[in-house]
There are 2 protein chains.
Amino acid sequence: MDLKDRDADASRRIRTAAVLLFARRGYAATSVRDLAREVGMTNAGVYHHVASKEALLADLMRGAQQGLIDATEHMLRDVHAPADRLALLISSLTATHALSPMTTRVMDGELRSLTPGSPARDEIIALRDAYEEHWRRAIADGVADGSFRIADQRLTRLALMSMCTGTSEWYRPDGDSTLEQVCAEFVAIGLAAVRSSVRAAAAPDPSLLPEFPWEPPHVRNDPSSAEAGR
Amino acid sequence: MDLKDRDADASRRIRTAAVLLFARRGYAATSVRDLAREVGMTNAGVYHHVASKEALLADLMRGAQQGLIDATEHMLRDVHAPADRLALLISSLTATHALSPMTTRVMDGELRSLTPGSPARDEIIALRDAYEEHWRRAIADGVADGSFRIADQRLTRLALMSMCTGTSEWYRPDGDSTLEQVCAEFVAIGLAAVRSSVRAAAAPDPSLLPEFPWEPPHVRNDPSSAEAGR
DNA sequence: AGGCTCCTACCGAACGTTCGGTCGTACCTA
DNA sequence: TAGGTACGACCGAACGTTCGGTAGGAGCCT
């Protein structure tokens, strides 16, 4: 085999194994030696293809975020009505998480593993913010032109996004319903959510909820960069 | 201070710090020394209150899962209609995640950190299955008596549950909408979801979605214990 | 009340292991 | 033969955990 191809292949196999292991065990619980064993190398061999363990994670996350952004902006190009844009955001985010569960799990859950303040982390946070801005704008536009009625835009956006991203945790291609059905269902839920009026309270009596004696007092997360921490 | 009180206090402070650190950085990325520093001890001192790092995690998860189950069963005692039971499941799970975000983050996300096959892990999986059984039954009962129309019960259950559990990632008590509003909103969404008929497909063209060259092929998770791997 | 003993909560230091990462070299291919 | 790929051996640091020791409150005896 051609050397260049061989190198590219090894590099890709490392990425594939890394996504799998990072998604399953988590970044911190995955050692470079685990990764090397998975691709049939020693840990030293891995370092021929990767600058550092953290740089590998950053590469994966950057690629995932960027791929999501590119696809989203491409699909949004000729869609203008806020409801249509929101529907497209919902179905594309859902489908991406259903079809690439490992990559998206790493993308969504390993931000905390990047060194705070590092350029790589800041860059990926910026990418995530850029993506979320599409959601923010779609929702704000819908509220502005009267097609949406929403009490708390941030809450609505985060709730809908976490509904979509949760897909990577449970979707299976061999389930009883197709991806098309899931997307259609989620779009319907999302559109219903942004068209609801304020409802009567229905929260359970707090005294009936479980109490955990070790739960720390609520503190705001790091407020830098829009939504940096969470 | 009394010695017994002193011991109980230290034990509780260790638990509180552990929940905070495990929720923020993850179990694997938190060292016993980090934990000890947080409560003003040496790492050796921590081991006076805890059998092992993993046993500490198991204790936290068992307590959280058990507390959720107890509260849920208590609240469900006199509620019989499937729709009412589902509404109660949604609002109590949401409220628990909103009010105890750190504990629930650990509960929901650190199962993978418990040694596979260990008694502690199996016990916690059994608790989780017992909790999910309430959801399964509520949904199945609603379908059986005709009050729900659902294409895929597993999908519906997991989607609704991940909507509720996602709350711990973004809810803030000082946001624009109250916990009551969030619960009411989620209950409305959930009830709408189980009363929808099958809809037309609206999934995006797969060729437009992002592709990640490193995404591993889809494989079923460990099939033991109902939904063991999740 | 005072003294004595026991026990509990914790510390300082170290254990063996594993971590992320480096370096010199051998092998393979072009 | 030249160049790049991967290996074996290794580094310092950090990991979870253990162990002997100690300060001081608790309980008992007088």
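Naming convention: chains lettered A, B, ... in sequence-line order (proteins, then strands); numbering from 1 in each chain. Only this structure's heavy atoms are used, side chains among them; waters, hydrogens and symmetry mates stay out. Because the structure is a prediction, the values reported are computed rather than measured.
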Undergrad: Report yes if a side-chain nitrogen or oxygen of H48(A) is closer than 4.0 Å to either non-bridging phosphate oxygen (OP1 or OP2) of dA6(D); otherwise report no.
TA: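 Indeed not, no polar side-chain atom of H48(A) lies that close.
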Undergrad: Ignoring hydrogens and angles, are the base of dG21(C) and the side chain of N43(A) linked by a donor-acceptor pair under 3.5 Å?
TA: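 Side chain to base: pair present.
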Undergrad: Kindly check if the number of other-residue, nucleotide or ligand heavy atoms within 6.0 Å of CD (E211(A)) is above 12?
TA: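 Counting neighbours around CD of E211(A), 12 or fewer heavy atoms of other residues, nucleotides or ligands fall under 6.0 Å, so no.
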Undergrad: Honestly, is K53(A) close enough over Y47(A), meaning NZ or CZ under 6.0 Å from the six-membered ring centre and within 45° of the axis?
TA: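 No, K53(A) does not sit over the ring of Y47(A).
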Undergrad: With a 4.0 Å limit, can you tell me whether S31(B) has a side-chain N or O closer than that to the phosphate oxygens OP1/OP2 of dC15(D)?
TA: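 Result: yes.
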Undergrad: Grab the CE-P distance between M41(A) and dG21(C) for me, whole Å please.
TA: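 Roughly 16 Å, once rounded to whole Å.
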Undergrad: Sequence neighbours left out, what passes side chain to side chain donor-acceptor pair (under 3.5 Å) with S113(B)? Give chain and number order.
TA: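 With sequence neighbours excluded, S113(B) shows a side chain to side chain donor-acceptor pair (under 3.5 Å) to E110(B), given in chain and number order.
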Undergrad: If you only use heavy atoms from C-beta on, which nucleotide in dC10(C), dA6(D), dT17(D) is closest to the side chain of V32(B)?
TA: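 The nucleotide sitting nearest to the side chain is dT17(D).
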Undergrad: Going by distance alone, is a donor N or O of one side chain under 3.5 Å from an acceptor N or O of the other, for H74(A) and R77(A)?
TA: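 Yes - a donor-acceptor pair under 3.5 Å links their side chains.
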Undergrad: Between dG16(D), dG21(C), dA6(D), which nucleotide gets closest to the side-chain atoms of R33(A)?
TA: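 That would be dG21(C).
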Undergrad: Considering heavy-atom distances to DNA chain D, does A44(A) or Y47(B) have its closest nucleotide positioned more toward the 5' end?
TA: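 The residue mapped nearer the 5' terminus is A44(A).
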Undergrad: Calculate the interatomic distance between L56(A) atom CG and dC19(C) atom C1'; express it in whole Å.
TA: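 The distance from CG of L56(A) to C1' of dC19(C) comes to 16 Å, rounded to the nearest Å.
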Undergrad: If you check the T42(A) side chain, which of dG21(C), dC10(C), dC7(D) turns out closest?
TA: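 So the nucleotide nearest the side chain must be dC7(D).
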